[in-house]
K.L.:
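First the structure, which I've put down as structure tokens, then a few questions once you've had a look.
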Amino acid sequence: MDKIVSLAKRRGFVFQSSEIYGGLNGCWDYGPLGVELLNNVKQAWWRTMTLRDDIEGLDASILMHPRVWEASGHVANFTDPMVDCKSCKARYRVDVLMEELSVKKKKDVLRGLFPQEFAGQLQDEKVLEEFTQRISTDETIAQVIQTLVPCPNCGNKATFTEARQFNLMFKTFVGPVEDTNSVVYLRPETAQGIFVNFLNVLNASRQRPPFGIAQIGKAFRNEINTKNFLFRTREFEQMEMQYFVKPGDEDTWFEYWREARMKWFLDLGMKPEKLRWHKHEKLAHYAKAAFDIEFEFPFGWGEVEGIHSRTDFDLSRHEEYSGKSMKYFDDQTKEKYTPCVIETSIGASRSFMAFLTAAFDEEMAATGEGGEEMRTVLRFHPKLAPMKGAILPLVNREGMDEQARVIARDLQKYFRVFYDDSGAIGRRYRRQDEIGTPYCFTVDSQTLLDQTVTVRDRDSMRQERIAADQIKSYLFDRVAG
Ligand code: GAP
């Protein structure tokens, strides 16, 4: 993880927000290569989701009417249990305190509290999963942890207050007066912008269920625990799609979207063994089924995307709170109904981190001088790679540099490519490997004779010669679409 974070900073993928002031916890800035990678992740998602007949796009505002968040349940329920240390006043999320307990202790707690459920053998992984699931819902378990764990700050035992619920939404005010009538929230998810626009989009696009609405946008959560780089941040981007279906059809569509979403990761080069399904055993009261796609990060398995069967809860609640009908009238069958929703919800920044982590590799590779050295390589799928190619004159003379510049300028009309003429060619290849550029095109003395260049493949390091005027189609075939 440290290697990835340090590479991300050194090569301009991700910087700490407001770094010169000491940084702001849970916020990150995307540098020149980071913004390219992030845009490529978002574009890959957007194209997959919207280049079809049955999904429309949307870009709703971040600030919404405060009643939206009452209807959605976020005002009442979007909370984490927190405790304060009475001795030193430090504040903790209860699930963070849980991490202070050893696995053995957690096992004992589960057996003590739920003797029948956890009577048999318990695998360590199962213990951790159960704890994470139960911690936000089970008050007894929260209390046990408070008495077992000493305050991580002052070390005192049993000094925690009762757990209190802490709302994760950022509050702000519209207009000049800061009173309760002017409170608005920074949206904690993009989904509600889709629900409240359901009928607008349906009518404007003349869609009929089953159809979906897709959106990419910023979301904000006042997370108490913001560790693990981009995994859990306070400001992040979501890519969400709500698929509206006729009640009764939701199970079929749920399976369809589970398969489609897993395929998206695999098509972008993720290895199947790095991904797995996590089924939610304890469902939110409105949910019919929920699965997460988890990725194996360096710190362990973590959710990257949720696929949820949300029934007609959201539309019904907005109907109730707004007083406006959210029903669909089918003029062919003369049926009127509130559609059920299948949601696919993925973090752009969290999946950015998953793709960056999955791409990172180190291997021993031959140097030009007959020796070996460690090479760092980001094995991004060409569609995601920030730079699609590098144009390198072998030497900076004999017209090679001029010819290479002409090629680079022509390609830059279509792709992000990088021109580099400084240093030994081997070094320049390594610099491109380190940022994940899939192809290096080198202009050498033969180019001047027959207008061909060498193409070096990042992963195999093999080289072949192609005509210089074929570079564009070579790249289009591999990185576009
Ligand atoms: N509309 C449903 C929803 O928001 P969620 O499971 O809370 O569901 C969906 O979030 C996805 O958003 C997660 O799978 C994750 O990729 C991303 N996400 C959630 N909280 C995040 C955070 N604090 N930082 C980065 N990404 C986050």
Side-chain angles (χ1 to χ4, degrees), residues 14 17 24-28 30 38 41-42 45 58 60 62 64 68-69 71-74 77-80 93 95-96 132-133 136 167-170 185-196 212-243 257-258 261-262 264-265 270 275-280 282-284 286-287 289-295 297 299 301-311 313-315 317-318 341-357:
V14 181
S17 160
L24 179 65
N25 233 341
C27 299
W28 298 90
Y30 292 82
L38 186 62
V41 169
K42 290 192 282 187
W45 184 87
L58 180 75
I62 288 172
M64 301 178 75
V68 167
W69 306 109
S72 69
H74 282 81
N77 301 323
F78 195 52
T79 54
D80 271 338
R93 242 169 65 178
D95 67 339
V96 175
T132 320
Q133 291 258 322
S136 53
N167 197 295
L168 299 186
M169 281 195 294
F170 280 104
Y185 300 98
L186 302 189
R187 66 180 176 199
E189 61 171 16
T190 56
Q192 298 305 322
I194 294 181
F195 290 125
V196 300
I213 305 177
Q215 175 171 216
I216 299 179
K218 290 259 177 169
F220 304 83
R221 296 182 188 180
N222 196 2
E223 303 278 6
I224 310 305
N225 176 17
T226 57
K227 61 181 187 171
N228 290 333
F229 195 32
L230 308 173
F231 185 78
R232 185 168 290 119
T233 54
R234 295 200 167 113
E235 176 177 337
F236 55 99
E237 263 181 302
Q238 285 187 317
M239 309 190 283
E240 296 198 298
M241 193 279 303
Q242 316 292 323
Y243 202 73
W257 281 111
R258 274 186 60 195
R261 293 309 304 146
M262 183 58 97
W264 184 78
F265 284 100
M270 284 271 188
L275 297 168
R276 72 176 187 190
W277 286 107
H278 168 77
K279 181 176 185 216
H280 287 223
K282 279 195 182 326
L283 292 170
Y286 53 82
F291 276 84
D292 295 335
I293 297 177
E294 292 189 336
F295 173 77
F297 290 97
F299 55 82
W301 290 93
E303 171 191 341
V304 281
E305 171 154 4
I307 295 106
H308 313 126
S309 182
R310 300 182 65 117
T311 67
F313 173 82
D314 302 273
L315 291 180
R317 290 277 287 199
H318 285 304
V341 170
I342 307 300
E343 169 181 72
T344 70
S345 174
I346 168 174
S349 26
R350 197 178 281 182
S351 53
F352 170 106
M353 183 175 158
F355 284 116
L356 181 64
T357 311

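One-based numbering, in listed order, for ligands and for the atoms of each.
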K.L.:
Which ligand 1 atoms are under 4.0 Å away from a heavy-atom of Glu305?
P.N.:
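Ligand 1 atoms under the 4.0 Å threshold to Glu305: 14 (O).
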K.L.:
Check each of Thr233, Val304, Asp292 against atom 16 (O) of ligand 1 and report the one with the nearest heavy atom.
P.N.:
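Shortest heavy-atom distance from atom 16 (O) of ligand 1: Val304.
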K.L.:
I'd like to check whether Ile346 has a polar contact with ligand 1, where a contact means an N/O of the residue lying under 3.5 Å from an N/O of the ligand.
P.N.:
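No; the residue has no nitrogen or oxygen that sits under 3.5 Å from a nitrogen or oxygen of the ligand.
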K.L.:
Does the side chain of Gln192 come under 3.5 Å of the side chain of His74 through a donor N or O and an acceptor N or O?
P.N.:
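No, because no side-chain N or O of Gln192 sits under 3.5 Å from a partner of the opposite role on His74.
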K.L.:
For residues Phe229 and Trp28, establish whether the separation of their ring centroids is below 6.0 Å.
P.N.:
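Ring-ring flag for Phe229/Trp28: true, centres closer than 6.0 Å.
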K.L.:
Of Glu235, Glu237, Glu189, which meets salt bridge (Lys or Arg N to Asp or Glu O under 4.0 Å) against Lys218?
P.N.:
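Per the salt bridge (Lys or Arg N to Asp or Glu O under 4.0 Å) rule, the option paired with Lys218 is Glu235, out of Glu235, Glu237, Glu189.
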K.L.:
Using a 4.0 Å cut-off to any heavy atom of Glu343, which atoms of ligand 1 qualify?
P.N.:
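Answer, ordered by atom number: 1 (N), 2 (C).
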K.L.:
Enumerate the atoms of ligand 1 whose separation from the nearest heavy atom of Glu240 is less than 4.0 angstrom.
P.N.:
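Counting from 1, the qualifying ligand atoms are 1 (N), 2 (C), 3 (C), 4 (O).
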K.L.:
Would you say the rings of Phe170 and Tyr185 are close, in the sense that their centroids are separated by under 6.0 Å?
P.N.:
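Tyr185 vs Phe170: aromatic centres not under 6.0 Å.
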K.L.:
Just to be sure I read this right, does ligand 1 sit under 4.0 Å from the backbone of Thr190, its side chain, both, or neither, counting only heavy atoms?
P.N.:
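No part of Thr190 is near ligand 1 at this cut-off.
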K.L.:
Establish, yes or no, whether a centroid distance under 6.0 Å links the rings of Tyr30 and Phe352.
P.N.:
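Yes, ring centres under 6.0 Å apart.
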K.L.:
Of all the non-hydrogen atoms in the protein, which one sits nearest to atom 26 (N) of ligand 1, and at what distance?
P.N.:
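Closest protein heavy atom to atom 26 (N) of ligand 1: Phe236 CD1, 3.5 Å.
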K.L.:
For atom 14 (O) of ligand 1, what is the closest protein heavy atom, and at what distance to 0.1 Å?
P.N.:
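Its nearest protein heavy-atom neighbour is Glu303 OE2, 2.6 Å.
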K.L.:
I'd like the name of whichever of Glu189, Arg221, Arg187 reaches closest to atom 7 (O) of ligand 1 through any heavy atom.
P.N.:
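Among Glu189, Arg221, Arg187, the closest heavy atom to atom 7 (O) of ligand 1 comes from Arg221.
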K.L.:
Looking at Glu223 and Arg234, does any basic side-chain N land under 4.0 Å from a carboxylate oxygen?
P.N.:
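No, no charged N to carboxylate O under 4.0 Å.
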K.L.:
With side-chain contact (heavy atoms from CB on, under 4.5 Å) as the test, would you mind laying out the steps for Val304 and Phe297 before giving the verdict?
P.N.:
CA-CA 10 Å; Val304 281; Phe297 290 97; 3.8 Å; yes
K.L.:
Please state which part of Arg234 comes within less than 4.0 Å of ligand 1, counting heavy atoms only: side chain, backbone, both or neither.
P.N.:
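Under 4.0 Å from ligand 1, Arg234 contributes no heavy atoms.
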K.L.:
Among all protein heavy atoms, pick out the one at the shortest distance from atom 9 (C) of ligand 1; state its residue, atom name and that distance to 0.1 Å.
P.N.:
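Ranking protein heavy atoms by distance from atom 9 (C) of ligand 1, first comes Ser345 OG, 2.9 Å.
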K.L.:
If we only count N/O pairs under 3.5 Å, is Gln238 in contact with ligand 1?
P.N.:
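Yes.
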K.L.:
Can you pull out the closest protein heavy atom to atom 25 (C) of ligand 1? Residue, atom name and distance to 0.1 Å, please.
P.N.:
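Here the closest protein heavy atom is Phe231 O, 3.2 Å.
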K.L.:
Would Phe295 and Trp301 count as a close aromatic pair, with their ring centres under 6.0 Å?
P.N.:
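No - the distance between ring centres of Phe295 and Trp301 does not fall below the 6.0 Å cut-off.
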K.L.:
Do any N or O atoms from the side chain of Asp314 and from the backbone of Ala191 form a donor-acceptor pair under 3.5 angstrom?
P.N.:
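Such a contact is absent between Asp314 side chain and Ala191 backbone.
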